[in-house]
Amino acid sequence: MISSSQWREVIGVITLTGELSNLVARCSNFTPGYTQLGDRKDQKTLEKLRAESTRRKLDGGEKEKTAEYKSFRNKKRPRFMHITSKAETLRLIWIVEASVVILLYSLFRLNPDKCSYSRAVVGALLGLPAGAIVNALGAIVLGAPVGLQHFRKTVHWSLLMSVFTLVPAASVFGSSWTDWHRIFAQTKPIGPVDYMICLPAHGAVIGAWFGAWPMPLDWERSWQDWPICVTYGAIVGYLAGMMASFGFVVFKNWRQHVKGD
Amino acid sequence: MAAIWAFWKSDTWGGRSWAFMVFLSIMVLHSLAILLFTRGFLLTRTELSQYSQCSDVFESPCFPPYDQNVNNSNRARGCWTKPAVGRLVIILLDALRFDFVAPSTFYAVKKPWMDKLQVIHELASKHPSTARIFKAIADPPTTSLQRLKGLTTGGLPTFIDVGNSFGAPAIVEDNFIHQLVQNGKRVVMMGDDTWLQLFPHHFNVSYPFPSFNVKDLHTVDDGCIKNLLPTLYKEDWDVLIAHFLGVDHAGHIFGVDSSPMIEKLEQYNEILKKVVEVLESQSSPGDLHENTMLLVMGDHGQTLNGDHGGGSAEEVETSIFALSLKKPPTSAPAAFDNSTCQLDMQGRRICFSSIQQLDFAVTVSALLGLPFPFGSIGHVNSELFALAAGTWSLEKLAIHDRQSLSELDEWMQNYVNVLCINSWQVKKYIDVYSSLSLIGFSDKDLLHVSELYAQAQELWSLTSESSVVHENESSFTLPAVKRQLEAYSAFLASVASLARSNWTEFNLKLMGIGFCIMLLSLVLHAFSIKRLDNLCGHHSPSCGNSRNSFGMIFACIAVLTRACSFLSNSYILEEGRVASFLLATTAMLQLRCAIMKKMMLLEALLFVFLLPFLRISIELAQLKQAVSSLFLKMDPLRTPGINEDSQFWMSITQFVPILALVIVGYLLYKSIGCYSCHGILKYVIVGSLSNFMLIAIYWACNSDLLNLPMVPRGLKGNLIPRIIYAVGVVQVSFLSIVLLLVRETTVNLKESTVIKVLAVLSTWSSTIIVLSGKQGPLAVLALLIGGWCIIRLMRLEQNTENKYSGSSHFYALPVTQWSLLAVCMFFSTGHWCAFDGLRYAAAFIGFDEFNLIRQAILLTIDTFGFSHIFPIFGLPFLVACCYPLRQNKRLFSMQLCQVYLMYGLITAVSVTFTILCVTIQRRHLMVWGLFAPKFVFDVVGLVLADVMICLSSLYYIV
C-alpha cells in the first residue's frame, strides 16, 4: 500500500515539475513583455551583433569574423533564446517559483508537531536571501562578472538559484544543522523528501556549472550573456534532478510495495 | 637508449641518475617533436632588402631596350623594357569575386549578384583586342594586407616574413610602387588607408579613408568617387590607384546574397561607366589618356558568407579587367590565346583568360618599362602584355632594323626578350635568396631550376647569335621563338611551384611525425608514472593501491577539459579565465570536502576567496590586451572601473606593492628563523632579503609621489636593477656550488628540502619582482597564499584515505591545481599568448641600450617567471610539507620524482592538444593571428619547463 503521505509527495513533485516547465515556456516563448517578437527589433539586434563584429580585425587592414561566427550566422535563431530584459525575466521566474516551492515544501517540514506551517514558511523566506548570498559568492569565485551594470542580474539570478538549492532545505529542515550537513556536504539523502531536496539542488548547481561553458564562445548570441545560459543550465539540471528524485520516490515505493506483498 | 631501457626494466629505484635520465629522455623527445613540427608548420620566408636598379639590365644576356651609351640622355625611353603604357589607372575593388565580373552564362545557375557589372561585359565583347577579362588566381593567405603585398612585390607573402620591420607593416622588400617612385613616376592613391601603412612615403597625393569600420559601407567608396573623376582630368600623375572597400564590407556584414551587395555592385557599374567615358573622351591622339591602361581588379575573392583568408576556390578566384585605350594593330597571337569564350545573356561573345596574381607586378612593370621588383617570381603574362598597343608599335629592337618581319613576329621577339629579362631576374633572386636566407630551398630543387635556366639560356644564345649573324634572313623564326618561349615558361613555372611549396604549403608529413613523437612522449610519461607507482608500492606496503580516487578523476577531467578547450579560438582567447574557472571549481569541491570533514575550513575559504582577485587581475590584463588585440572583444564595463587619476588611487598603487614586498620579505625572514639553516643557503636567502630592500628603495626613488629631490641619479637609474641581477647571478652560482660540493647527510630530509627550495625561490624572486614591476610583489604574495592553501588542503585527502599517500592518486589533484595556478599567474601578471603580449619594457629595466642576448634573457625571465620558474622550482614543497618525518629517503625521492613527472605530463598534454589544434585549424582564418602565437608560446614554455624539471631533478632528488 502506498501511504497517503507518499502520494502527497508524488503529486507535489509532479505539480512542481509541470509548473516550472510551464513557467519557463511562458517566460521565454510567449510573454511579449520579455521576449523579442517583432521582426523590427530582431533586425536591430542583428545590427548590434554586426557592430560588435567590426572589432574583429586581422592584420591591420582586414575585417574578419571567426569560423564559429560564420557557421552560426546563417542559422535560423530560435526566438526563445532572445530575452531582452534579463533581470525582469529572472525576477518573474524566481518569484513564481519561490512561492510554489516554499508553500509546497513547507508542507513536508521535518517535524510538523513542533514546527508550524507558518514558521516553516518564515524560515524559508529567511533562507532565500542567505542562499542567494552563498550562490552569488560562488558564482563570483567561478568567474561571474562583477560590476554595477551586472548587479541586478546577479541578484535575481542568485535568488533563483537559492530557490532551486537552499530554500527547499530551509523550509523542510529549518535550522537543523545535522540535516543540512547530511544533504549538502555528505550527499546522503534518506527519505523521499531528502531526495526531492538533494537531487534537484545538486542538479541545478551542476547544470549551472556546465551552463557557463558556452559563455566565452564568440557566437555573439544574446543568450551567451551572463546569466542567461547559466540559468538555462540550472533549470535543465533542476528539472533533471526533479525527474530523478521522482524516479527514486516511485522506485522506492514500488520496492516497498513488493516487499510488503 | 639501452641504459634507459635497463632502468625501465629494473625493479629498483635508480635514484637521481634514473630520474635525470627519464627527464632528459622526455626532454629530448619533446624537443625533437617540436623541431619537426615547427619545420612543417611555421612557414618562413626571408625578406631581402635588395632593390632592382635600372642599370642592372646590362648584366643580363638579353637585349636592353636602348643602348647603354645613351643611357643618361634618354631616360624616358624606359628602363628594362620599352614603356608600352603611358599612364595606368588601377581600380581595386576589394573582395571582388570572379563571378561578379564573369557573365552568368559561365555558371549553371544565374545568381542575383551576377551580371551586375554590365559595363565590363560590354567593353569585353566590343573590343576583344583592347579589353579583356582575366580570372586572377590569388595565393593564400587571402587577406587584403598579404594580397596587396603580393600584388606589389610579385612574391608570396607568408606567415613569418623575416625582415627588419618587426611589427610595422610597411613593405621593406622591393616592390612595384617603389620602382615607380624610383623611376620618377607620380603615384596618386585614394581609398583604403592600408596602402598608406604599406607605403608610407611613396605617394605624391593620397586620399586615405579609414578602413577600420566594417559596418560602414560608404565612407571609403564615397571618398574615392569624390576624388576619382576630378583626378582623371589632371595631368600631374602617372599611376592612379583607387581602392574601393564597399563590396568587402557588404560581404562581411550581409553576405554575398544580399541587397546591399547588389546595390554596391550596381553603384560600381555606374562609376566604371563614368570612368570609361572620361578616359575614352580623352583618348584621341595627343590627349591626356592617349596611351592609358585601365585595370579593374580584385585583391581576393570571398565566400558566400563574405569571409576570406583561406585557400578555397571562391576565396582565391578574383578578377582583373584590363582596358587599353590605344588599340593594338592585331590581337594576341592565337598561340598564346588560351581564353574561354561564351555568349552572354544578350548574345554577346565574351572571353576570359587566366592569370596568376603573382604575375601582376612583373607584367605591370614590363608595361610601364620599370625594373622588375627584385623579389618577384612572376612571369610576364602574354595576354595582358599584348593588350597594350605600346608593345606592338615598337621602333625596331636595338639591333634589328629589318622591315620584313610581320607585326606579329616583331611582337613575339619583343615578348621573348621581355621573358629573357624576366627569367634572368627571377634566377638572380633565387640565387641571392638561397645564399642569404635562413631556410633556403633544397639543393635538389635548386639544381633542377638551374638546369632549366641553363637550357633556356643556351637556346637564347643560339637564337640571338644567329639573329645577329644573319641579319637579313628571318632566322628569328616563329618555331625557334616558340621553343624559346616554352623554355622560359618552363623555368618560370618551376620556380613558382617551388616557391609555392616552400612558402604557402604546410609540410604535413613533418607535422605528422612531430605529432606522433609528441604522443610517444606522452605514453612514455604515463608509463613512467605508472612504474613509479608500482615501485612505490614495493617500498611501502601502505600504498600502491590503485583504486581510483575522486581527486584523481577530477584532476584528469580538469586537465583534459583545459586541453580540449584549445580546439576553439574563443577559449584560447579566454585561456586565463578558463584556467581560473577550473581552479575555482577544484577549490569549491575542496571547500565542500572541508565542510564535510569539518577541518581546514579556514584554508579552503582563503583559497576560494583568493581566486576572484586572480580572476579580476586576469580580466584587467585582458582589457589591456583588447586595446592592442584585433580579435578580443572586451566589454570595458565588465570590470569595475577605477578612476586612475585620483590622488587616492595613485598613492594606493604606490604603497600597496611596497607593503606586499615587506610582507614577502618578512615571511622569508621568519622561515629562515624556523629552520636550522645550512651556512651557504642562509647567506643566499639573506642576499635576497637585501635585494628586496634595494627594490623598495628603487621604487621609492622612482616614485612620482614622494618626489625625493636629494636622490642621486645613480639610484634612480640603472644601478639598482643591475646590482640585483648581479646578486642573483652570484646566488645561483652559490647554489650550484652547494649542489656540487656539499654532500650533506642530514637526517631531516624535510627540513633540508624546504630550505633548498626556499633558497632557489628567493634567488629568483628578486629578479622576477624587479622585472615585473609594481605588480610583482602582489603576484608573489598571491602565489604564496595559493601554494600554501594547496599544500594545506592536501591534508584533507591524506587523513581520510591514508592508503593513498605516496601514490600518484594522492598527488594528482594538488599537482593539477598547482599547474592551473601557474597558468592563472601567467595571465594575471599581464601576459597573454601573442607577441604583443610580451612586456618589452621589462627587458629594459636596468639597461638602456639593446643587446639581443641580454634583453632576450630578461624578457624570458619576465614572461615565464611566474608561470614556470616559481611553480616548478617550488614543486618539492608539495612533497616536503606533508611528509611524515620518519619515512625513508628513498620513498621521498621517488615521490619527488613522481610529482615532477606529473607536472611535466600535465604541461605536455596541453601542448599536445595545442599542436593538434593548430594542425586541424591550419587553414583557419586566424591561424597566424591566434593559433600560431599560442603554439609558439606553449612550445617555448614546454621546453623551458623540461629544462627546469631536469635541473630540479638534479638539485632536489637525493
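By convention in this document, chain letters (A, B, ...) are assigned in the order of the sequence lines, proteins followed by strands, and residues within each chain are numbered from 1.
A tilted orientation is assigned to the rings of A:W209 and B:F554, their planes being inclined by 30° to 60°.
Using a 4.5 Å cut-off between heavy atoms, A:A144 touches chain B through its backbone atoms (N, CA, C, O) alone. Heavy atoms of B:F581 lying under 4.5 Å from chain A belong to its backbone as well as its side chain. With a threshold of 4.5 angstrom between heavy atoms, B:S565 does not approach chain A through any atom at all. For chain A, no part of B:F613 is nearby; none of its heavy atoms comes within less than 4.5 Å.
Every ring pair (Phe, Tyr, Trp, His ring centres under 6.0 Å) that A:F210 has, sequence neighbours left out, goes to A:W213. Shown here are the salt bridge (Lys or Arg N to Asp or Glu O under 4.0 Å) partners of B:R562, two or more places apart in sequence or in another chain: B:E575.
A distance of 8.5 Å separates CG in B:N569 from CG in A:L217, rounded to the nearest 0.5 Å. Taken from CD in A:Q224 to OG in B:S570, the straight-line distance is 8.0 Å, to the nearest 0.5 Å.
A 4.5 Å side-chain heavy-atom check between A:H181 and B:K598 finds at least one atom pair inside the cut-off. Side-chain contact between B:R615 and A:I140 is present, with heavy atoms from C-beta onward closer than 4.5 Å.
The side-chain contact (heavy atoms from CB on, under 4.5 Å) test with A:L142 is passed by exactly one of B:L582, B:L583, B:T585: B:T585.
Residues from residues 129-138 of chain A that place a non-hydrogen atom less than 4.5 Å from a non-hydrogen atom of chain B comprise A:L137, A:G138, given in numerical order. Scanning residues 588-596 of chain B against chain A with a 4.5 Å non-hydrogen threshold yields B:M588, B:R592, B:I595, B:M596, sorted by number.
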